[in-house]
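To find a chain, count down the sequence lines: A is the first, B the second, and so on, and within it residues start at 1.
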Amino acid sequence: MSTVEIELELPDGTRMRVPEGTTSLEVAERIGPGLARQAVAGQLDGAWVDLRAPLWRGGALRLITTRDPEAGQVIRHSAEHVMADAVKRLWPETQIDVGRTDHSEKFQYDFDIPVRITPQDLEAIEAEMRRIVEQGELFVREVVSADEARRLFESKGEPLKVSRLGDIPAGEEITLFRHGSFVDLCRGPHVQNTAQIGAFKLTELAGSYWRADESNQMLQRISGVAFASEKELAAYHKRIEEAQRRDHRRLGVELDLFQFHEWSPGSVFYLPKGFALHQRLVDYVRGLYRKYGYQEVMCPQIFSTELFKVSGHYELFKDDMFLMRGDEREEIALKPMNCPAHALIFRSRKRSYRELPMRLAEFTQLHRNERSGTLLGLTRARSFSQDDAHIFCEPDQVQSEIDRFFEMTREIYRDLGLSALEVYVSTRGSEFIGEPADWERAERLLFESVERAGFDYRHKPGEAAFYAPKVEFDFHDALGRAWTLGTIQIDMAMPGRFGLRYVGADGQEHEPAMLHRAILGSLERFIAIYLEHTAGDLPLWLAPQQVSVLPVTERHEEFGRKVLDVLQVAGVRAELDNRNEKLGYRVRGAETQKIPYILVVGDREQSDGTVSVRRRHRKGQQMVGVDEFRRQIEEEIMTRGIS
RNA sequence: GCCCACGUAGCUCAGUCGGUAGAGCGCAUCCUUGGUAAGGAUGAGGUCGGCGGUUCAAAUCCGCCCGUGGGCUCCA
């Protein structure tokens, strides 16, 4: 036992001196037997430490017990091992690849199993897992040398694992975790024993490519969820149900917004209400284009592929383009993006620095032949439109253009009530066009701008487009999947490929800088995410139908029409519901259609010239004069109140 | 494109062992004129995703195709 001591600070502020090499489990035991029993892992200065790992330095130590929300991550990680153990017990020739690194939601392992796993097999695996959990097998942590680890997995006939072992840099500590007869290469941390896995469920069966490369063999991926208790598992199922209620595909049907048909997979049919939403968004962005100095253009849908040969898309994007034969031998493509066409506009005549920055915006439809397996409702479509624009400017204007773009981005996301965004700066990968020095300058510019804008961002090295480093704004759908909406990219290729030039103040020709940018991104994807974000309760200014006027009986219909007329003349999207149904029925209909305002007109309203106003999500009704209501709603629409 | 699952009325779904289909909602008509989340009656609607196979007989079993969903890969 070392005589060197380290000092630990516990969450309650007390300090404890223990010999170097003490494990956090031993610390837990010193604090109390209850804590030691319930502990699943430790966190030293916020970083996970396995309970059985010796502590070599002091710091703030927190012991995570089954009662802490963070325990779920450890429990899922351990359930992952139990699942692999169960699969190996059922099919001993199975090779196990690796599990998940992120256990915040679920766990998974990729397997090379000699048989095709079926959903029935999942039940068998669960039953086996249950046995292992009930046995309360102890997790054991073991530090080994690379050679020992290699010999172990070679002897177990696991070449996949031996290959993974090769990825660990020399000199890094290699740890194994065992429970019962199962052993896997693993960093941990793990629970003390399998009995701490309170509840679990295998949820998905899928394929995945070995090392995420589709030229490699496909493994079978089994995923599941695990929690400290059955109660938490039940809560999880409830969350999933809630998410399904928010699914934009479901809301699209329920609210009569859009539909799909198998004869045009990946392309949406906007129904009147869905198109109204689309149009309101476009109107809104158009208004901001005036404010921020953009000019809107409309370019052709189809082009000779010559255009995309110049832009470089033909070479790198061909598989994603819809190609057709023209009259002659000419090959035609539906445009997958607007940038090459905008480059043609720019170079259609000699440009002066006085015209810059030139900001060309376009909303027209784009078509990309996405692989069938990637389509997903409106979030991944083959036909979509973007609030797309390209900015041509002098190189020393790039900085201020990016700043201005971020300003506009903030304004839009604020107006829409979207705050839960993630910002990423993606930098150069292995394939790129241009000079590394230029890339570095562009990347530095992006980093500086994002910081100046005050965005909390993360870096994605190697994730840039081949022609541009970019900033992305990601949002999550109801099931937690991240989708990029806004983006800005500094183009390193297009100005050169199209030979773009402008005459500067010095009378010389220069190459302009080119920025690609979008804020909502694809309108289709935006609508999907936004519907899921709002659960279909669109803010008044975007709601396809803002008001439903309900005459109590037929005798109030005429007055109802007058009210309707006042609103429609004012530009309010109102409808009269004079169906031969009771009032309660029609109120219910308006509520399930998530219409923001219900106006009831009966005898009282008719004689007073008022309407009885029922605002969605607010209790009770108010009698208001017709003109007064019109003023109120106009005001609320104009200020884009987010309810 | 790859792996797994699913596809029955406009929507949500039932349909046992193979014997050519049901419910609720919605829709239509009629009755009802009803004051803030479902009034009543009657009725119409289906080549059971498509094509082939097995069988006396297929929504049901098998094969292929299409579409949708969960993942992989890819991306707005």
Side-chain angles (χ1 to χ4, degrees), chain A residues 106 108 110 116-119 121-122 203-223 244 247 249-250 253-254 256 259-266 317 319-320 336-338 366 368-382 384-388 463 465 470 472-474 479 481-487 489 516-526 528-529 548 550-557 578-593 598-605 612-614 616 619-621:
Chain A
K106 52 187 179 179
Q108 77 190 26
D110 291 350
R116 282 267 169 84
I117 297 297
T118 66
D121 291 330
L122 291 189
T203 53
E204 285 158 37
L205 185 56
S208 69
Y209 300 106
W210 159 243
R211 289 184 179 277
D213 181 340
E214 64 181 325
S215 60
N216 285 342
Q217 76 174 109
M218 183 159 268
L219 304 172
Q220 299 189 71
R221 170 170 298 178
I222 304 175
S223 321
Q244 280 164 353
D247 190 312
R249 292 161 298 195
R250 183 185 172 126
V253 172
E254 286 175 359
D256 235 5
Q259 64 176 45
F260 292 90
H261 194 276
E262 62 174 305
W263 286 349
S264 188
F317 209 73
D319 291 344
D320 291 313
M337 38 194 73
N338 290 313
L366 302 174
R368 298 184 190 173
N369 194 5
E370 300 287 349
R371 301 156 92 185
S372 60
T374 65
L375 300 177
L376 182 65
L378 284 179
T379 46
R380 170 65 53 74
R382 285 190 174 139
F384 59 97
S385 52
Q386 291 180 292
D387 61 330
D388 194 19
E463 294 291 312
K470 59 185 174 184
E472 292 179 326
F473 296 93
D474 285 9
L479 283 172
R481 290 174 291 217
W483 298 94
T484 296
L485 298 183
T487 179
Q489 313 175 353
H516 305 238
R517 40 69 62 215
I519 295 177
L520 303 181
S522 137
L523 270 295
E524 285 66 21
R525 176 177 295 174
F526 178 79
I529 299 299
S548 187
L550 309 185
V552 176
T553 75
E554 258 169 35
R555 31 176 221 289
H556 312 109
E557 211 176 299
N578 58 350
R579 287 177 299 170
N580 178 18
E581 299 289 352
K582 286 184 139 172
L583 184 64
Y585 180 88
R586 286 174 289 151
V587 167
R588 179 176 187 273
E591 289 287 353
T592 54
Q593 286 297 299
I598 296 171
L599 303 187
V600 172
V601 292
D603 288 333
R604 292 196 290 279
E605 292 78 7
S612 166
V613 181
R614 174 173 162 140
R616 188 163 161 75
K619 282 214 163 70
Q621 302 98 39

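- By the rule that a glycosidic angle within 90° of 0 means syn, B:G40 does not qualify and counts as anti.
- To the nearest 0.5 angstrom, A:Asp388 atom CG is 11.0 Å from A:Ile519 atom CD1.
- We find that CD1 of A:Ile598 is positioned 16 Å from P of B:G35, with the value rounded to whole Å.
- Between A:Asp387 and A:Leu523, the shortest heavy-atom distance links the atoms N-CD2, 3.6 Å.
- Remark: side-chain polar atoms of A:Arg616 are paired, donor with acceptor, to backbone N or O of A:Glu591 under 3.5 angstrom.
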* Asked: Does the side chain to side chain contact (heavy atoms under 4.5 Å, CB included) test come out yes or no for A:Leu599 and A:Leu550, once each step is laid out?
  -> CA-CA 6 Å; A:Leu599 303 187; A:Leu550 309 185; over 6 Å; no

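- Between the P atoms of B:G24 and B:A41, the separation comes to 11 Å (whole Å).
- Here the separation of B:U20 from B:A76, taken at their C1' atoms, is 48 Å to the nearest Å.
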Shorter than 3.5 Å, N or O on both sides, protein versus nucleotides 32-34 of chain B: list them out with atom names.
from, atom 1, to, atom 2, distance (Å)
B:U32, N3, A:Asn580, OD1, 3.1
B:U32, N3, A:Asn580, ND2, 3.3
B:U32, O4, A:Asn580, OD1, 3.1
B:U32, O4, A:Asn580, ND2, 2.3
B:U33, O2, A:Glu554, N, 3.0
B:U33, N3, A:Glu554, OE2, 3.2
B:U33, O4, A:Glu554, OE1, 3.4
B:U33, O4, A:Glu554, OE2, 2.3
B:G34, N7, A:Val552, O, 2.6
B:G34, N2, A:Asn580, OD1, 3.3

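- Atom CD1 of A:Ile117 and atom C1' of B:C4 are 11 Å apart (whole Å).
- Within 3.5 Å, a donor on the side chain of A:Glu605 pairs with an acceptor on the base of B:G35, or the reverse.
- Between A:Tyr585 and B:C25 there is no side-chain polar atom (N or O) within less than 4.0 angstrom of OP1 or OP2.
- B:G34 and B:G7 are spaced 42 Å apart, taking the C1' atom of each and rounding to whole Å.
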* To do: Dump the intermediate steps for side chain to side chain donor-acceptor pair (under 3.5 Å) on A:Thr553 and A:His556, then the final yes or no.
  => CA-CA 6 Å; A:Thr553 75; A:His556 312 109; 3.2 Å; yes

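- Counting any heavy atom pair closer than 4.0 Å across all strands shown, A:Gln621 reaches a base atom.
- For the pair A:Gln621 and A:Arg614, the tightest heavy-atom approach, listed with the atom from each and the gap, is CG-CB, 4.1 Å.
- Comparing B:A59 with B:G18, their P atoms sit 13 Å apart, to the nearest whole Å.
- The residue among A:Leu378 and A:Glu591 whose nearest nucleotide of RNA chain B is located toward the 5' end is A:Glu591.
- Of the C1' atoms belonging to B:C25 and B:A37, the separation is 15 Å, rounded to the nearest Å.
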Under 3.5 Å, N/O pairs linking protein and nucleotides 65-75 of chain B:
from, atom 1, to, atom 2, distance (Å)
B:C66, O2', A:Glu262, OE1, 3.3
B:G69, OP1, A:Arg249, NH1, 3.2
B:G69, OP1, A:Gly377, N, 3.3
B:G69, O3', A:Arg249, NH1, 3.2
B:G70, OP1, A:Arg249, NH2, 3.4
B:G70, OP1, A:Arg481, NH1, 2.9
B:G70, OP1, A:Arg481, NH2, 3.0
B:G70, O2', A:Glu204, OE1, 3.4
B:G70, N2, A:Leu205, O, 3.3
B:G71, OP2, A:Arg481, NH1, 2.8
B:G71, O6, A:Gly373, O, 3.4
B:G71, N2, A:Gly207, O, 3.4
B:C72, O4', A:Gly207, O, 3.4
B:C72, O2', A:Tyr209, N, 3.1
B:C72, N4, A:Gly373, O, 3.4
B:U73, O2', A:Glu214, OE2, 3.1
B:U73, O2, A:Arg371, NH1, 3.1
B:C74, O2, A:Arg380, NH1, 3.0
B:C75, O2, A:Arg380, NH2, 2.2
B:C75, N3, A:Arg380, NH2, 3.3

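- Here the side chain of A:Glu204 pairs no donor or acceptor atom with the backbone of A:Gln108 at under 3.5 angstrom.
- Between B:G35 and B:G10, the distance separating the two C1' atoms is 32 Å to the nearest Å.
- Residues satisfying the side chain to side chain donor-acceptor pair (under 3.5 Å) test with A:Arg116, not counting sequence neighbours, are none.
- When the C1' atom is used for both B:G50 and B:U33, the distance is 50 Å, rounded to whole Å.
- Atom C1' of nucleotide B:A5 and atom CD1 of A:Ile222 are separated by 14 Å, given to the nearest angstrom.
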* salt bridge (charged side-chain N to carboxylate O under 4.0 Å, His left out) evaluation trace for A:Arg555 with A:Asp603 -> CA-CA 9 Å; A:Arg555 31 176 221 289; A:Asp603 288 333; 3.0 Å; yes

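- The strand RNA chain B forms stems, runs of 3 or more Watson-Crick or G-U wobble pairs with distances below 3.5 Å, at B:1-7 with B:66-72, B:10-13 with B:22-25, B:27-31 with B:39-43, B:49-53 with B:61-65.
- Sequence neighbours left out, the pairs with a member in residues 368-382 of chain A that pass salt bridge (Lys or Arg N to Asp or Glu O under 4.0 Å) are A:Glu214-A:Arg371.
- Legend: residues meeting side chain to side chain contact (heavy atoms under 4.5 Å, CB included) with A:Gln217, ordered by chain and number and at least two apart, are A:Asp112, A:Leu160, A:Trp210, A:Leu219.
- To the nearest 0.5 Å, atoms OG1 (A:Thr484) and CD (A:Glu472) are separated by 3.5 Å.
- Note on A:Leu523: nothing from the nucleic acid sits closer than 4.0 angstrom, heavy atoms only.
- Using C1' as the reference atom, B:A9 and B:U47 are 14 Å apart when rounded to the nearest Å.
- Rounded to an integer number of Å, the gap from CG of A:Asn578 to C1' of B:G35 is 17 Å.
- Side-chain N or O atoms of A:Asp247 include none that pairs as donor or acceptor with a backbone N or O of A:Gln244 at under 3.5 Å.
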